[in-house]
Amino acid sequence: MGVDNSATDDGIVPAVDDGELIVVSNRQPYTHSYDHGDGGRSITVNRPAGGLTAGLDPVMQETDGTWIAWGDGEADADVTDDNGTVRMPPESEAYTLKRLWLTDEEVEGYYYGYSNRVLWPLCHGGTMKTDYVERYWQRYQQVNETFADAVVETAGADSLIWFQDYHFTLAPRWVRDSLPDSAFLTHFWHITWPGWDTFRACPQHEQLLEGLLGNDLLGFHVERYCRNFLDCVDEALDDAFIDPEGGRVNYEGHTTVVKAFPMGIDADSIREHAEAADDDFWREFQSSHGIDAETSVIVGVDRLDYTKGIVERLDALERLLETRPEYRGEVCYVQKANESRSLIPDYQDLQTEVQESIDRINERFGTDDWQPVIYINEFIPQRELCGLYRYADVMLVSAVRDGMNLVSKEYVAAQVDDDGVLVLSDQAGAHEELGDRALTINPYDTDAFADTIERALTMDGEERAERMVALRERVESNDLYAWMEGIFDTIDELRAKDADDD
């Protein structure tokens, strides 16, 4: 096997033979649904909208790989064979999508339960929000075993298996124990990894670490998460040998390399969408949302999650309008939010709290001609979202804890006029890359946050341009494809070293 990566038009192809790349994720790249417009007689395909899924899709097509995921589309079963597989994409059938079917009980326990009521709050430092229900753990183990079995059935001796995120903490160990050493297992952890004092609260912390150490390469966004993970292994597993400088763990005769790979975005696509959103688009957007042409626009774009600091952001905006009345009628904040995990009580409570905060601010300061907060919770096409990024004077990213925060990078990539200001929480992983050119805030320091918003609004054009040009160059250089290339290059180097050692 060679060790050179070759570029495609859309991304980077790993050095694998056809059929050897296996991607494992909770969500699938394509879903099938019924076209209810014609009475449900035909089936439509929903394609990847962006991000990692869209970036990986051309790689899968180039390698004729297999993508294993939960089949959650209403018509998914109608188009798959007896093994749950279907060739994708429909127009070229270049790789295999293998769908696994989960019962409602499995989804409730594995996804809504252990993944998002234990691992998500645990990793984001919210130990008071964790819900250690035994059935969640049992379902999580069960589903991880189901995915692991599917990988083993699919994989060959030289397969490259790439697990995505916190849904599959246990599966790598089970797969590692079932395949020859020549198969390579890698895993990217898309969220934060906490320090030992937080992680130790999890009753299953040893099993989680042992599962992840089944991988040959384990990736995190930033070095801090790598150090936290190594500390956790050092504290929890007496038999593990840690090389903190080399980022290596040897456990039960197997070595795992732990390395930071800061994730990027498809910057070219974001820029193209932003450039297509011209002044006519912006005038129409302002008109449809009641925003005066002379009003300064601040924007926030988030999934409705308690880690995003939306309530803290609204508190800062309220403090700005309270203490600086000259901004009333002159500034409008647009909050684009997507509801998330609405079956979980903490998320229901957050949705209520956000709505109540917005209502309070609008009732307190709004007039017949001006609303300080515009709330958008319906779908916005990508072109319009990028247009909103482009024309917003300021973006607020106030995460109280975030693995990376790709929205901050999307805003930067869309700033084709180089006249926006990014206000960025020091609790987001992106701050390590962008913090020196953004305006930094602590989301809990309401008064200082309000001061920083004012600084962003009053920053002169020369400083805005200087900061944004530097940010755009950084985001464009370290985009999604550079991220994938970095991971695949590391895999190739490790496999080549193993071959030399043999």
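One finds no salt bridge joining Arg248 and Asp243 here, because no Lys/Arg side-chain nitrogen approaches an Asp/Glu carboxylate oxygen to under 4.0 Å. Asp268 and Arg271 are joined by a salt bridge, as a carboxylate oxygen and a charged side-chain nitrogen come within less than 4.0 angstrom of each other.
With hydrogens and angles ignored, the 3.5 Å screen pairs no side-chain donor or acceptor of Gln61 with any backbone N or O of Ala94. Without hydrogens or angle criteria, Asn478 side chain to Arg474 main chain gives a donor-acceptor distance under 3.5 Å. Looking at Ser178, its side chain does come within 3.5 Å of a backbone N or O of Trp174 through a donor-acceptor pair. For Thr85 (side chain) and Asp81 (main-chain N/O), no donor-acceptor pair under 3.5 Å exists by modelled atom type. Proximity of a side-chain donor or acceptor of His221 to a complementary backbone N or O of His190 within less than 3.5 Å is detected. Between the side chain of Asn116 and the main chain of Tyr111, a donor-acceptor pair closer than 3.5 Å is present. In this structure, the side chain of His273 does not engage the main chain of Ile270 through any donor-acceptor pair within 3.5 Å. No donor-acceptor distance shorter than 3.5 angstrom exists from the side chain of Ser159 to the backbone of Ile161, with no hydrogens or angles considered. Using modelled atom types, one side-chain atom of Ser398 and one backbone atom of Gly309 make a donor-acceptor pair closer than 3.5 Å. For Asn144 (side chain) and His167 (main-chain N/O), a donor-acceptor pair under 3.5 Å exists by modelled atom type.
With values rounded to the nearest 0.5 angstrom, Leu424 atom CG is found 10.5 Å from Leu396 atom CG. For the atom pair CE of Met404 and CG of Leu434, the computed distance is 8.0 Å after rounding to the nearest 0.5 Å. From Leu122, atom CG reaches atom CD of Gln204 across 10.0 Å, with rounding to the nearest 0.5 Å. Rounding to the nearest 0.5 angstrom, the gap separating the CG atom in Leu208 from the CG atom in Leu119 is 6.0 Å. Distance CG/Leu21 to CG/Asp64: 10.5 Å, rounded to 0.5 Å. If you take NE2 on His32 and OG1 on Thr80, they are separated by 9.0 Å, rounding to the nearest 0.5 Å.
Test Asp216, Leu213, Val233 against Thr256 for side-chain contact (heavy atoms from CB on, under 4.5 Å) and you get one pass: Leu213.
Of all the heavy atoms in Ser408 and Ala430, the pair that sits closest is OG-CB, 3.5 Å. Considering every non-hydrogen atom in both Ala157 and Ser182, the closest pair reads O-OG, 2.5 Å. When all heavy atoms are compared, the tightest approach of Arg173 to Gly214 is NH2-N, 3.6 Å. The nearest pair of heavy atoms linking Leu304 to Ser340 is O-CB, 3.8 Å. The shortest heavy-atom contact between Glu106 and Trp101 is OE1-O, 4.0 Å. Of all heavy-atom pairs between Ala482 and Ser477, the closest is CB-O, 3.6 Å.
No side-chain donor-acceptor contact under 3.5 Å links Trp67 and Thr96. Side chains of Glu134 and Gln138: a donor-acceptor N/O pair is present below 3.5 angstrom, by distance only. Asp305 and Thr307 form a side-chain donor-acceptor contact under 3.5 Å, judged by distance and modelled atom types alone. Side chain to side chain, Tyr140 and Thr169 meet the donor-acceptor criterion of an N or O pair below 3.5 Å. No hydrogens or angles considered: a donor-acceptor pair under 3.5 Å links the side chains of Asp402 and Asn405. Between the side chains of Thr192 and Arg401, not a single donor N or O lies within less than 3.5 Å of an accepting N or O. Judged by distance alone, the side chains of Gln348 and Ser342 never bring a donor and an acceptor atom under 3.5 Å apart. Between the side chains of Gln335 and Arg313, at least one donor N or O lies within less than 3.5 Å of an accepting N or O. Between the side chains of Asn215 and Thr186, no donor-acceptor pair of N or O atoms lies under 3.5 Å. Residues Gln28 and Asp72 bring a donor and an acceptor atom of their side chains to less than 3.5 Å of each other.
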- Message: Set out, in order, the CA-CA distance, both residues' side-chain angles and the distance that settles ring pair (Phe, Tyr, Trp, His ring centres under 6.0 Å) for Phe488 and Trp162, then state yes or no.
- Response: CA-CA 10 Å; Phe488 290 142; Trp162 191 7; 5.5 Å; yes
- Query: Does the pair Lys409 and Asp479 meet the rule for a salt bridge (Lys or Arg N to Asp or Glu O under 4.0 Å), with working shown?
  - Reply: CA-CA 9 Å; Lys409 296 187 175 186; Asp479 66 359; over 6 Å; no
- With side-chain contact (heavy atoms from CB on, under 4.5 Å) as the test, would you mind laying out the steps for Phe163 and Val175 before giving the verdict? CA-CA 11 Å; Phe163 294 97; Val175 172; 4.0 Å; yes
- Message: Using salt bridge (Lys or Arg N to Asp or Glu O under 4.0 Å), reason through Lys308 and Asp302 one step at a time and then give a plain yes or no.
- Response: CA-CA 7 Å; Lys308 301 301 182 183; Asp302 308 88; over 6 Å; no
- Item | Audit row: Trp193, Phe199, ring pair (Phe, Tyr, Trp, His ring centres under 6.0 Å) steps and yes/no | CA-CA 8 Å; Trp193 188 276; Phe199 189 69; 4.8 Å; yes
- Message: I'd like to know whether Arg303 forms a salt bridge (Lys or Arg N to Asp or Glu O under 4.0 Å) with Glu339, so could you lay out the CA-CA distance, the side-chain angles of the two residues, the decisive distance to 0.1 Å, and finally the verdict.
- Response: CA-CA 6 Å; Arg303 187 169 53 81; Glu339 290 190 6; over 6 Å; no
- Could you check Tyr389 against Glu410 for side-chain hydrogen bond (donor to acceptor under 3.5 Å, both in side chains), going step by step and ending with a plain yes or no? CA-CA 8 Å; Tyr389 287 146; Glu410 291 177 355; 2.7 Å; yes
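Pairs passing the salt bridge (charged side-chain N to carboxylate O under 4.0 Å, His left out) check and including a residue from residues 88-103, sequence neighbours excluded, read Arg47-Glu91, Asp76-Arg99.
The distance between the ring centers of Trp483 and Phe188 falls below 6.0 angstrom. Residues Phe241 and Tyr251 keep their aromatic ring centres 6.0 Å or farther apart. Ring centers of Phe220 and Tyr225: at least 6.0 Å apart, outside the cut-off.
Taking the six-membered ring where the residue is Trp, Tyr306 and Tyr347 present tilted rings, their angle falling between 30° and 60°. Ring geometry, Trp137 versus Tyr114: the interplanar angle falls from 30° to 60°, so the pair is classed tilted. Using the six-membered ring where Trp is involved, Phe168 and Phe147 have ring planes that are tilted, between 30° and 60° apart.
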Distance-only criterion, 3.5 Å: show the donor-acceptor pairs between side-chain atoms of residues 258-266 and protein atoms not counting sequence neighbours.
| residue | atom | partner | partner atom | Å |
| --- | --- | --- | --- | --- |
| Lys259 | NZ | Thr490 | OG1 | 3.3 |
| Asp266 | OD1 | Ser269 | N | 3.3 |
| Asp266 | OD2 | Tyr481 | OH | 3.3 |

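A cation-pi contact, defined as under 6.0 Å to the ring centre and within 45° of the axis, links Arg341 to Trp120. The side-chain tip of Arg135 does not point at the ring of Tyr110 from less than 6.0 angstrom away and within 45° of straight on.
Other residues, nucleotides and ligands contribute at most 12 non-hydrogen atoms within 6.0 Å of the CG atom of Asp181. More than 12 heavy atoms of other residues, nucleotides or ligands sit less than 6.0 Å from atom OH of Tyr132.
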